[in-house]
Amino acid sequence: MNIFRLAGDMTHLISILVLLLKIYATKSCSGISLKTQELYALVFLTRYLDLLTDFISIYNTVMKLVFIGSSLAIVWCMRRHRVVRRSYDKELDTFRHYFLIAATFALAVLVYEKFTFREILWAFSIYLEAVAILPQLVMLQRSGNVDNLTGKYVFFLGAYRAFYILNWIYRYFTEARFTRWIACVSGLVQTALYADFFYYYFISWKNNAKLKLPA
Amino acid sequence: PSSSPPKDEL
């Protein structure tokens, strides 16, 4: 594992910890898109089916279990927790995420590495992850004001994607057989979606001001 | 012939 990959996994982990911290400390999920969280839960559940068949490393197994467990816990909290669910901004979270699921599944049936059940689900999870942040970004845009922890959550998620791109560049030059087109192209698309958010995040950081997204 | 390398990324 190279340093970029590790940095990517760690920023991904931090983003989830920041989100859990926000929900736990404020007993509120305001500003968080339940739809994005449900999509992530689906992404992890479909991608990590290999937990049942392949062993790569302890690190790999633990991280996968953490991602599945935390995403399910967050969805559970936002839907079922007595206090937390009341702060969910349902009227701002109107993105039609079923459309994303249908479109990415259709793409996975057309473009895959191998025509097997597992590989098609793997491709689906990669495509779905690329666009899963959209309901969250739309929600931030709508509410305009972004609270500190929600802003940091999205920032770390974006950083995770950026580090993965550096990781692929590194692997491309250091490993003879590293060509994972589906993951790399989807990863580029996914990172590009954060560009606008990053722009405003850095401006607010530079000016030491509260993060605000233009309407 | 083409055995793809293991999917070791998360």
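None of these values were measured; they are calculated from a predicted model. Lettering follows sequence order; numbering is per chain, from 1. Values reported hereafter were calculated over all heavy atoms of this structure, with side chains retained and with hydrogens, waters and symmetry mates removed.
- The contact between A/Asp9 and chain B is made entirely by side chain atoms (from C-beta outward), counting heavy-atom distances below 4.5 Å.
- If you tally non-hydrogen atom pairs under 4.5 Å between each of A/Phe67, A/Tyr48, A/Trp122 and chain B, the highest count goes to A/Trp122.
- The number of heavy-atom neighbours closer than 6.0 Å to CZ of A/Phe115, taken from other residues, nucleotides and ligands shown, is 12 or below.
- In this structure, CG on B/Leu10 lies 8.5 Å from CZ on A/Arg47, to the nearest 0.5 angstrom.
- Across all non-hydrogen atoms, the minimal contact from B/Lys7 to A/Asp50 is O-OD2, 4.3 Å.
- The number of heavy atoms from other shown groups lying within 6.0 Å of CD1 (A/Ile3) does not exceed 12.
- The part of A/Asn167 that comes within reach of chain B is its side chain, from C-beta onward, which places non-hydrogen atoms under 4.5 angstrom from that chain.
- Heavy atoms from other residues, nucleotides or ligands lying under 6.0 Å from OH of A/Tyr24 number 12 at most.
- For the side chain to side chain contact (heavy atoms under 4.5 Å, CB included) test, residues two or more places apart in sequence or in another chain that qualify with A/Ile165 are A/Trp168, A/Ile169, A/Leu188, A/Thr191.
- Residue A/Ile58 qualifies as open at atom CD1: its count of foreign heavy atoms under 6.0 Å is 12 or below.
- B/Asp8 places no side-chain N or O within donor-acceptor distance of the main-chain N or O of A/Ile56, the cut-off being under 3.5 Å.
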